[in-house]
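Below, all heavy atoms of this structure are taken into account, side chains as well, without hydrogens, waters or symmetry copies.
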Amino acid sequence: MIGPLAGIVAMIPMLLVFCAGLAIVVARRAVVRIGHNNHARLVAIHRHTVRWRGLGLAAGLLAALGCAMLAGTALGRFVGLAPAALGAGLIIGTIVGERTARAPLGTTREAGLGERRIGDLLRGQSLWPMVASTGLLVAILAMGTVLGSPDDLGRAGRALARTCQLVSDGVPTTAGERRGPWPGSFYTLPLGGAFIVLGVLAFVALKSIAARRAAGSESEDLDRLTRSWSTGNVLRASTVSALLIAGPLATVMGATLSAMDCRASTDAFVQWMALAAGVVATGLGLALLASLFMAPRLVVDDLPGALPPPAGAGVRVR
């Protein structure tokens, strides 16, 4: 009973962090209100993309749960892939939604002919969380790979090996120590490969958002806003995946270093930095995870309207 009870106790602070993040997201959720007959084509496109993004998120959650249920197999390799599976599900849903979005048949609208680029989508987005989380993950993967050694069964990169000088009865002797698990190449290679695949999917998603057919010139501003929302979701999914991969890896790294008797001069510093990075990255990842469940909303007011208004009219943001 000690094992399951310890797991439940460990999940309590994680759940509290997630709930706190969800409360903040709900309080700050963007809501755009438009008139009943305003921007009908764009509303249909937005609802279609949100629906597919939700389906992708649900599929990602199921895939992540499947990876977690396989924690006892492959020496924990599968459970480490859970965050990447979650992010990939949402991003794939975004790609499908953006690629298949079509405005309903109706009055022909005039759409702008300007070519959209990924740089246009990223303008105005906050990129530093994704850059910082990716940099942290790359640093942890690189450090774990460089310091990793084979374990007692010869599996490369699954242990941390140290050699040190000990004095016994006044006689110096050379001692060796090997401890694991260690986030070396045994774990970092599949995790790094999964994150590269996630990056490719994110790029394809951004291309899909940029290439989505416009709803009409009268909805140009609102169209730009919904593309910005989709772009933000892709960036947040990538950030959450990077943080939730890096956090547990850093925690394992710090725990293994703390258990070593043979220690290098820098081990204490690396140990506490790794433990701190693990706590911060996991906490931020869980808090940001909540934002993936609450997309901004387009709300259609039940107001009569004979004709769609001119460009930019009929939009109210709360």
Practice task
Could you identify which residues cluster with Met69, counting Ile, Leu, Val, Met, Phe, Trp and Tyr as linked when any side-chain heavy atoms lie under 4.5 Å apart, either directly or through a chain of such contacts?
Solution key: Leu65

Exercise for the section: Please go through Leu275's hydrophobic cluster and name the other residues, only I, L, V, M, F, W, Y counting, with side-chain heavy atoms under 4.5 Å joining them. Expected result: Trp272

Are any of the side-chain heavy atoms of [X] and [Y] separated by less than 4.5 Å?
X: Arg179; Y: Asp261; value: yes
X: Leu137; Y: Leu243; value: no
X: Thr239; Y: Leu284; value: no
X: Leu90; Y: Val240; value: no
X: Leu235; Y: Leu122; value: yes
X: Ser238; Y: Ile91; value: yes

Practice task
Mind jotting down which residue pairs meet the disulfide bond (SG atoms under 2.5 Å apart) criterion with at least one end in residues 243-294? Sequence neighbours excluded, please.
Solution key: Cys164-Cys262

Fill in the blank from the handout: disulfide bond (SG atoms under 2.5 Å apart) pairs touching residues 47-81, sequence neighbours excluded, are none

Exercise for the section: Sort and list the pairs that fulfil side-chain hydrogen bond (donor to acceptor under 3.5 Å, both in side chains) and have at least one residue in residues 149-163, not counting sequence neighbours. Expected result: Asp151-Arg155, Arg158-Tyr187, Arg162-Asp267

Exercise for the section: Please collect all side-chain hydrogen bond (donor to acceptor under 3.5 Å, both in side chains) contacts where either partner lies in residues 127-141, sequence neighbours excluded, each pair once. Expected result: Ser126-Trp128

Looking at residues at least two apart in the chain, or sitting in another chain, which of them share a side-chain contact (heavy atoms from CB on, under 4.5 Å) with [X]?
X: Ser185; answer: Thr145, Ala156, Thr188, Leu189
X: Ser258; answer: Gln271
X: Ala74; answer: Arg77, Phe78
X: Leu55; answer: Trp52

Completion exercise
From the list Arg123, Arg116, Arg117, side chain to side chain donor-acceptor pair (under 3.5 Å) partner of Asp120 resolves to Arg123

Practice task
Just jot down the side chain to side chain donor-acceptor pair (under 3.5 Å) partners of Thr226, sequence neighbours excluded, or say none.
Solution key: Arg212

Completion exercise
Hits for side chain to side chain donor-acceptor pair (under 3.5 Å) against Thr256, two or more places apart or cross-chain, chain-then-number order -> none

